[in-house]
Structure formats: structure tokens, C-alpha cells
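Worksheet: one structure, shown below.
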Amino acid sequence: YNFTYPFSSSISTANGSALVKIGNTTVICGIKGELTCPPSDAPNKGYIVPNVDLPPLCSSRFRPGPPSEQAQVASQFIADVIDSSNVIQKEDLCIEKGKLSWVLYCDIICLDYDGNLLDTCVVALLAALKNARLPEVTINKETDLAEVNTDKLHHLNVSKHPVSSSFSIFDNTIVIVDPTVEEETLSTAMMTVVTDEDDRLCMLHKPGGSALSGEKLQDCISRAVTRHREVSKLIEKVMDSFEPDK
Amino acid sequence: MPVDTKRVRGPEESQSPLLFLPSIAKKSVAAERGRQDGRRRGQADVRPVFARCGLVSQAKGSAYIEAGNTKLICSVFGPREAERKDEAGASSGRLLCDLRFAPFSCPNRGAWIPSSEDKDTAQGLLEALRPGVRLHRYPRAQIEVNVLVLENDGSALAHAITCASMALADAGIEMYDVVLGCSLRLDGNSFLLDPTLQEETAGEPGAQGSVTVALLPSLNQVSGLQADGDMREDTLAEAVRACMEGCHKLYPVIQRALLRAVHKRASPSES
Amino acid sequence: MAAVQVCEAEKVYIMHGVRDDLRVDGRGCEDYRHMEIETDVVSNTDGSARVKLGYTDVLVGIKAEIGKPKPAAPDEGYLEFFVDCSANATPEFEGRGGEELGSELSCTLYKVFNNVNSLELRALCIAPREHCWVLYVDVLLLQCDGNLFDAISIAIKAALFNTRIPKVTITEGEEGGAELELSDDPYDCVRLNVENVPCIVTLCKIGHRHVVDATLQEKACSVAGLLVSVTHKGTITCVRKVGGGSLEPESIFEMTETGKRVGKALHAPLMKLLRDEEAQGKQRQKVGFLG
């Protein structure tokens, strides 16, 4: 295992933010809440809009312009993790049914790309969500307009703590945890397992590559569960150390 | 607006909660004698700067700078073979600048698609950096400078210039001198050096102006100058001088940061 | 930008000339080239002007349309700039070649006009938050021989002077909503006050001196220049360093001083010329594009 350092960073213009470093890979996640109409098919829900960006800044392999395929895959992956693990109950983001709800824009930007992007992104997202505070919003009965009170800030109710563990697979024989960029390019297949604190499997992502036997897969999942404990302990420790001074 | 199919899309429209704030009578900066963060107006008081080199492992050179709440990261790639081949660029290298504001960097959320402000700032950055780099030493090559503004609390362009030149130096690109940036806000009869975002936007219209200067400190050459707003010639001259003074205050900090990076790089090879 | 090949000997010749205040075409360092201005050249615009400055030739057309005011300034109209570098000007602009220059030029124009005093934007408002006039300023480069900024800014000023916006009256509609009514009378129109519209003066540093209105050859000799936009009162509204080189602080001060002086002197004859031309009215012989 490479060592993980999550930092709660203080981007004051964002509602919540976190900078996470795993090995050399550095990712920053900023969360901004905005107000919107809830979706028509689910009037009691809000939105969470995650986007992963791999700017040309983080590695020479990325070009400026629209997001690369890898960035699109990563964005979709994070969106799926949020949906399947219920990190945040989307019902919590509703302010007034059918009228007003929060939309959380979770913008994840990679600052240094050295492999294992997905794990880092998930940790960053989780840390930023835990750190995020939204102002209180009430609807004025008379004018029917929203009123925002920036003096009262609320933490989000983070119900689940998903942690992802990525593995690099070399021909169904060797499995490496937390691969660097070099290991990733040399490996024959990649796999990412996302688990939550109840040791349940939220997601399994294996985009192509060489085949993997059932035993190995089981092995990976159990390793992911152990890793989950370590990572969440670490996040908790860091979050606690930041709390008192706030 | 074209639909962005390559990103996870949110709702069509959303408003920033700041729009719904009960309107408080905005305190004019001009009313106060000092400035909110305790600096004095009309003085060459720059915010304390934290600067570091070599953070991005994948880049040839990189730098991070933090001044007050303004935070920027910059990485430099190259020199590598130029993508665009035209006769004009054959004898000297090309410098490419890309500058982005992170969506969460401003009080109001920005879009992913680069706005004209991004491009304009990138252009200003390029103009300021180009005189400092010995581009003729890199024929048929291009050097890429990527800047990401993590948090914008005023004077983004000025700090982007400083940060980018540090990253260039860290990448070992030959330069005549580091380029330092400093900006200033004219507010009535006095000026505010290294303004915060609040100072940049507040104040009554009329006697407003902003000046950004890029300086090559040891050659005492101005490599970039942008000034907007109504001003007389002598106020402009005064403003430029104040900015230059601000740059000189920055110089030792940047030198120390660069030295540190060199030491760090040199020590593993010795041991 | 369109580049010309200037050999070393030629450069030395030009630089020595500039040192002695004598330029290749016989001008002094602070003289403009021969300038021709004609307004109202394109009949289907609301205002237009064509400026010839030596061999540099630009055409500006202004179209007024009704739009919605920007939320940040609900009681003001606004201007939109677009610079088209046609392949007519130089073959380099063919295809996408001119785009970069075009966007750079329009970016600068936004900056120059982004000033409360340059144009009475409030006069462009019809109904706050609802309707306002949007002036689309289209710049077409017909030929370029250096000093585009100056020629464009003069052309814009002339075109704005020439612009006539029809009067609009707001009447209360049947269902209570406001209705806009345009005046049919072509003489019943609003004119813009262009007194404060700044002109851009570009100064090129050649050797130890600087020149205004540089031709392409002279531009090739200079490493850096300064763009100064000046109003008729002599206030400086915008300064930009252009070109790849750097400047000494002292020369910047000198250059802004010259820019201010030259720019201020440029306004009076320009306004006089525009007024004269208008006074001639219908009798004026149109020179057109063949002139």
C-alpha cells in the first residue's frame, strides 16, 4: 500500500473542499451548492453533479480541450458510486417539495496524475462532502421567494462512506493494489472495487483487459474490505483534527 | 448553449444561493481608512506569499503560489516538438499558455467551458512571460504553461505570472529573468496594492481603474502592462511605480522558493 | 499578424532613420499617415464608416438590435464587437488563420469600451430589465499595413457618430403588457454622444525612440509596443503592452506621455471632419470603394 494523505483544504469560495494525495497522485475536490427546481420525476430530491477533470496540467498525456475519454469514464464512475452507495440521501437535498432543492456541483480536478485516479477521487469526494457546509435556506411564505441565511451553516448528512480500491492485474497471476501510472500502463487489466462500511459491495468496475478467475476476484474483494477500514480510519482522523479549529 | 454530452449534466438552470441573500447595504471600501485585512492603502503592502516549486510529479516543472486566499497551481511541459509547423515559428520556440479558473474558484460557480475571461487572462499571461523566456534557444519546439486558479481572491493574473515563471524556472527552461507580477486597484485618489476580490469589485464607479504590471526585476524591464479605467497620465505612472515596488518585495520570497527547490533536487544525487 | 520580411540592412536603415526623427516615408516620429474617413458607406447598417490609413483599410458597420439588458447592468445597453479578418487583407487570413488575430482584436475592443464614461450606455436602454439596444459593431479588415488598432478605433468612433437609432416609444398594450413601437420617420432618431469615445494610439519602440502609426516594416523592427487609449480630455482609459519584448519603465512613461499627447490631438480634427462631412449632407460626393 502506498500511504494515503487526505487533507481538508480550505477553499473559501467553495462550500466544501478537500485535497487528497495518494502517493504522487493529487486530486482536489470542490463542492458548490446552488439552488434549483427539483427534477419533475422526483420532486422530493436534489441533484449531485460530479465531474472529474483531467486538465493538461496534471500530466503530459492530456491535451487541452473537451474532456478526454478517460475523464468521461471517471466522471461517470463517480456518478455511479454516488448513486449506488447513497453517500448522501438525495431527499436530504430537497428544501421544499417540487419547488426548491439543492444541486451540489462536485468538481474534481486532478492536479498530479500518477495512477490510481479513481480511488483518489472517491476519497476526495467523500472528504469534501464531509467538510461541506451549506447555508440555511427557507422559503418565505409571503413572497414565495427563497431566503438564505449564511450565518447558519449545516453539515451534510453523509450516510455512507464508500471507499474504492483499484487493482492492477497482470495476466491473472499478480494483483497489485494502488498502482502507479507506470504499473497501470504495463498491466493487462484494471479493476476497481467500491465497498461501504457495512462491507457491502457498491460497485465493481472492470473495464476490459485480460480475464480474471473467480478466486482472484474474491481475493480482491476481501482485500478491498480490509483497505476500506484503513482508509476510513484515516479520513476520520484527519477530519477530526480539522474540526476543533473551526 | 450547446449541450455538453461529455460531462455529467446537472439541471438546466440553477442559481447561486448568494442571489437570494437579503440585500445588505454594501460597505464601501472607500469609507474606511484602512483595508479590511489591516493593510494600508497607498502603501506597497502586498499580501504574504507562500510559494513552492515542484509539486506535480508528472510535469517538467511546477509551482504553487498562495497569496492571501488566492491560490494557483502551474505546471510546465516541454520543450517538445511543436505541433504546428509554420515558417514563422521555425527559428524560435513557441510558448503556449493555458489558464483556467476552477469552477469552485469564484463566489459564483463558473462553467467548465473556458470563458472569454479565461482566454483574456491567458493572453495577458503569455504577453508577460514571453519576453522573459529565451525562446530562440528552443527552435521548432513548444513549451506549454498550464495554470489552474484554485481560488480567486483578487489579482489572479499577477500571481499567475509569478507562479508560471517559477514553474518555468523549475522546469529548467532558459530564461533571462524571472517574471514577477503585481496588480493594483485605483480607488478614488488612493491605490490598493494586490487587491482582494472584494476590493476589485467594490467601490463606486467613476474613479476606478486597475493596473497589472509584470516585471523582470534584475533587468528592470517591464514585460507586461495592462491598465483599464479612467486615469490621468501621472496617476498611471505612479501606479506603475507602486506595482514595481510590490514586485520587488516579492522577489526575495520567490528567489528563496526557487533556491529551496534546487537544493532539494541536488541533495538526492549527492547522497 | 501579417509579417513582412525585412532584412537586417533594412532594419538598420529604419532604426537610424527613426533616431533622426525621419521615417522611411518621410514622416516624423509622431506623425500619422494620410488618413481618409468616409461615413455612411454601407446603406443597410445603422451606422458605418471606412477608414484608410496609408494602406491599412478598415470598414466598420454598426447594427442596432433590441435585446435584453444584462442582469448585472439592467438599465444599460451594451456593445458587441466582432472583428473579421477577411482573406482579402492578406492571404494569411485564409481559412482559420485570421481567427486568432480577430479574437485578440475584439477582446481588446471590449476592454477599451468597458468603461462607464466612453459611451452613454444608459441612453441605449429602452425599459430597464426588459429591453435595450444592443449595438453590434462589426469590423472588417480590407487591407492591413500595420497599426490596425488605431485605424479600427477611429473607424468605430466615426461609425458611432454616424449611427442613428430609431426612436422607440413604449405604449401600454391591451393586456397591460408594454408594447414597443418603432418610429417610422427616418429623421426621428437618437444620436449617440461620441465625445468621450476613446481613440487608440499604438506606439512602437524602435531603437531608443518610439513612433506612432507604424507600418508593417517598422513594426518588424520593434520588439515591443504600447497601446494607449485616450479620450478627448486626455484621460487614459486603457493601456496594454503588445509584442514579444519588454520595456524599460522610463520608456513606458515616455510612451504614455506621447500617446496621450498624440491621442488628444487626434480627437479635435476627427470630430471637426465628421461634423463637416455631415453638414455637407446629400451634396457630398460619395467616393465609395473605388476612390
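Since the model is a prediction, treat every value here as computed from it, not as a measurement. Lettering follows sequence order; numbering is per chain, from 1.
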query = To the nearest 0.5 Å, how far apart are CD in Gln58(B) and CG in Asp112(A)?
reply = 5.5 Å
request  = Test side-chain contact (heavy atoms from CB on, under 4.5 Å) on Leu148(B) and Leu111(A) and set out the steps.
outcome  = CA-CA 9 Å; Leu148(B) 180 71; Leu111(A) 301 180; 3.6 Å; yes
Check whether any side-chain heavy atom of [X] sits under 4.5 Å from a side-chain heavy atom of [Y], and report yes or no.
X	Y	result
Leu150(B)	Ile28(A)	yes
Arg100(B)	Leu57(A)	no
Asn15(A)	Phe104(B)	no

note = Per-residue tally against chain B (heavy atom, under 4.5 Å) across Pro55(A), Cys58(A), Pro38(A) peaks at Cys58(A)
Inspect the surroundings of [atom1] in [X] and state if more than 12 heavy atoms from other residues, nucleotides or ligands are less than 6.0 Å away.
X	atom1	result
Lys45(A)	NZ	no
Arg134(B)	CZ	yes
Glu182(A)	CD	no

ask   = Should Lys60(B) and Ser60(A) be marked as a side-chain contact (heavy atoms from CB on, under 4.5 Å) after you check the CA-CA gap, both sets of side-chain angles, and the distance that decides it?
value = CA-CA 9 Å; Lys60(B) 189 87 187 293; Ser60(A) 53; over 6 Å; no
message = Pair Thr26(A), Leu55(B) - check side-chain contact (heavy atoms from CB on, under 4.5 Å), show working.
response = CA-CA 9 Å; Thr26(A) 315; Leu55(B) 288 150; over 6 Å; no
inquiry  = Taking Ser57(B)'s backbone N and O only, do any of them form a donor-acceptor pair with Asn24(A)'s side chain (distance below 3.5 Å, no angle check)?
reply    = no
